[in-house]
Amino acid sequence: MEGGEKTATSRYKELMALAARRSKTAPAPAETLLAWYDRHRRRLPWRALPGESADPYRVWLSEIMLQQTTVVAAGPYFLKFLQRFPDVVTLAEAPLDDVLRLWAGLGYYARARNLHACAKAVAALGGVFPDTEDGLRALPGIGPYTAAAIAAIAFNRPATIVDGNVERVITRIHAVEEELPRAKPKIRALADPLTPQDRPGDYAQAIMDLGATICTPRKPACALCPWNSDCEAHAQRIEESFPRKAAKTQKPQRHGAAFVAMRADGAILLRRRDEKGLLGGMTEIPGSPWGEKRPKADARTSAPLPGEWRTLPGTVTHVFSHFALELEVLTAQFPHKTKPPKDCWWSLEVDAEALPSVMRKVVEHARR
DNA sequence: GATGCGTGGAC
DNA sequence: TGTCCAAGCAT
C-alpha cells in the first residue's frame, strides 16, 4: 500500500539521520559517560582495579553499608568488616551480636540484622552469591537498587540501577517536573534505555560517580559534566531545582530519662533492646519509655535498680530519622557485689558493646 | 504508596 | 541553628 511505503521511507530517513548524528557528532550517551569514567573514576576500597573482576562479597557488603549512607561514613566500617569477616561464610558463622557490635554507630540497624541473615542464606547456597537480579532480590536486605547494583558491578549484567544519584541525574537531564516519589516510574523508563550492553558494570558505577562528584545536589559542576550538552536543566540554568520534592514535615520532639548505673569497679549497667523496631537488637542504657512530655521529678521510679539517683545537669539530645529526642541523665553508684536486674548486665568495656550513637552520648554525658 | 528506620557532615 | 542530605529496604 502506498501509505505503508511512505511510512517506511520516512522511518528509514529518520534512522539514517539518527545514525549520522551519532557517528559524526555525538557518540551514544553511555559511551560519553564511560569515556569520562575511564579518566575520573573514584578509587574506593570495595572497587576492583581497572581490568580486575569485582568480588561479589565486597560489592554486596559495600552496597548494604552505602544504603542512605555516605562513602566517608561507610569506608572505615567496610575495612573493619572485611578484616574481621573476610568472606561470606565467616560472616554467616559469626554470632549476630558480633555483627551488631561492629555495625554500632553506622545506623539503620535493620541493615546489620539483614546482612547477617543474608550471609546465612548465601552460605546455605554454598557461599556463592546469585548472579541475577531476581536471585539477588530474593535475599534479605537486597531490594531493587541493590540487586541491580550487584548484578551489574559484580557480574557485569546489563541491569539498570536507580538510586538517588540516578534520580538526580535523570530528572535534571530531562527536567522532570513530577515530584518524587511519584516520578519514580518515569525516571525508571528514562534510565532503562541508557544502560549499555557493553560494560554495564562500569556504566552503573560511572553514573553514580557522576551524581556524587559532578551532578551534586548543590552547586553541580556542570562545566565538567560529560552530559552537559544533553541536559535540559542545565540549558535553563535551573539544575538545583531537580529533583522536585515535596517539603518535609517537621520532626516531633520526644523526651525520656536514662539511668547510668555505675558499679564501684567502673562497670556500667546495660541491657538489650527488643529485636524489632528502633535500634532493634542493639544495646542500651536502661531508661524510661520515650514520650511527648518531659519526665517528671519522679521519673526515677522507673530506674533499673533502687539507689541514690541524682539528675545530672544538662541533657542529651539526638535526632533520629523521624523524631528528635531529649534525654535526662541520672546516675547512681553501686557496690561491686551488686547483682544485675533481669535482662541486664554489667559491662567493663562499653566501647566494645553494640551501643548506638545516642547511647554513647548518654555514657559520655554521665562520665563528665 | 506511606511510614518507620540512624548518623554525622555541609551549608 | 535548623535544614537537607547519602549508593534504600521492609512492611
Side-chain angles (χ1 to χ4, degrees), chain A residues 42 44-47 58-78 100 103-115 117-118 136-154 159-169 179-185 187 191 201 203-213 215-219 240-241 243 245-254 273-282 284 290 317-325 354-361:
Chain A
R42 289 177 293 174
L44 300 170
W46 43 84
R47 277 193 179 166
R58 297 185 189 208
V59 173
W60 164 71
L61 181 59
S62 67
E63 289 299 341
I64 301 301
M65 287 185 172
L66 287 164
Q67 289 167 3
Q68 298 290 283
T69 304
T70 59
V71 165
V72 170
Y77 284 84
F78 175 82
L100 294 180
W103 194 279
L106 196 53
Y108 285 138
Y109 298 100
R111 291 185 297 171
R113 302 193 299 272
N114 286 330
L115 182 84
C118 184
L136 290 159
R137 180 71 184 76
L139 295 167
I142 299 184
Y145 161 75
T146 304
I150 298 172
I153 299 169
T160 299
I161 59 153
V162 179
D163 70 334
N165 288 302
V166 174
E167 287 175 348
R168 190 165 57 252
V169 170
E179 280 184 354
L180 284 173
R182 207 171 55 244
K184 282 175 181 285
I187 294 168
Y203 173 80
Q205 296 173 93
I207 195 166
M208 282 192 288
D209 276 13
L210 187 73
T213 66
C215 196
T216 49
R218 283 171 298 202
K219 309 284 182 191
E240 282 193 40
S241 70
K245 288 183 188 178
K248 292 181 179 173
T249 60
Q250 201 182 341
K251 286 177 179 172
Q253 181 75 52
R254 291 190 194 167
R273 291 178 63 87
D274 190 86
E275 289 289 342
K276 295 182 176 178
L278 185 73
L279 310 178
M282 300 297 286
E284 70 174 355
W290 301 339
T317 61
H318 190 78
V319 181
F320 291 101
S321 52
H322 56 300
F323 67 93
L325 179 66
L355 280 178
S357 293
V358 60
M359 295 300 160
R360 290 179 191 271
K361 286 185 187 177

Euclidean distance, [Y] [atom2] relative to [X] [atom1], rounded to 0.5 Å:
X      : Y      : atom1 : atom2 : answer
A:L100 : A:R273 : CG    : CZ    : 12.5 Å
A:Q67  : A:D163 : CD    : CG    : 11.0 Å
A:F323 : A:L278 : CZ    : CG    : 5.0 Å
A:I142 : A:W60  : CD1   : CH2   : 7.5 Å

Starting at [atom1] of [X] and ending at [atom2] of [N], how long is that distance when rounded to a whole Å?
X      : N      : atom1 : atom2 : answer
A:I150 : C:dC9  : CD1   : P     : 9 Å
A:R182 : B:dG1  : CZ    : C1'   : 12 Å
A:L66  : C:dC9  : CG    : P     : 12 Å
A:Y145 : C:dC9  : OH    : P     : 8 Å
A:E63  : C:dA6  : CD    : P     : 16 Å
A:Q250 : C:dC4  : CD    : P     : 10 Å
A:E240 : C:dT3  : CD    : P     : 19 Å
A:R137 : C:dA10 : CZ    : C1'   : 9 Å

For this session: Check whether any side-chain nitrogen or oxygen of A:K248 sits under 4.0 Å from OP1 or OP2 of C:dC5, and answer yes or no.
Result: yes
Exercise. Does A:R168 put a side-chain nitrogen or oxygen below 4.0 Å from OP1 or OP2 of C:dA7?
Worked result: yes
Span that lies between the [atom1] atom of [M] and that of [N], in whole angstrom:
N     : M     : atom1 : value
B:dG4 : C:dA6 : P     : 22 Å
C:dA7 : B:dC5 : P     : 23 Å
C:dC4 : B:dG6 : C1'   : 15 Å

Just checking [X]: base, sugar-phosphate only, or nothing, at a heavy-atom cut-off of under 4.0 Å?
X      : result
A:I207 : nothing
A:T146 : sugar-phosphate
A:W103 : nothing
A:K245 : sugar-phosphate

Exercise. Do A:H322 and A:F320 have their ring centres less than 6.0 Å from each other?
Worked result: no
For this session: Spell out protein contact along nucleotides 2-11 of chain B as letters: B when the base is contacted, S when just the sugar-phosphate is, - when no protein heavy atom is under 4.0 Å; keep the 5' to 3' order.
Result: --SBBBS---
Exercise. Side chain of A:R42, base of C:dA7: donor and acceptor closer than 3.5 Å?
Worked result: yes
For this session: List the steps and the verdict of side-chain hydrogen bond (donor to acceptor under 3.5 Å, both in side chains) for A:E63 and A:Y145.
Result: CA-CA 9 Å; A:E63 289 299 341; A:Y145 161 75; 2.8 Å; yes
Exercise. Would one find more than 12 heavy atoms of other residues, nucleotides or ligands at under 6.0 Å from atom CZ of A:R113?
Worked result: yes
Exercise. Between A:F78 and A:W46, how do the two ring planes meet: parallel, tilted or perpendicular, split at 30° and 60°?
Worked result: perpendicular
For this session: Identify, between A:I142 and A:S62, the residue whose nearest nucleotide on DNA chain C lies closer to the 5' end.
Result: A:S62
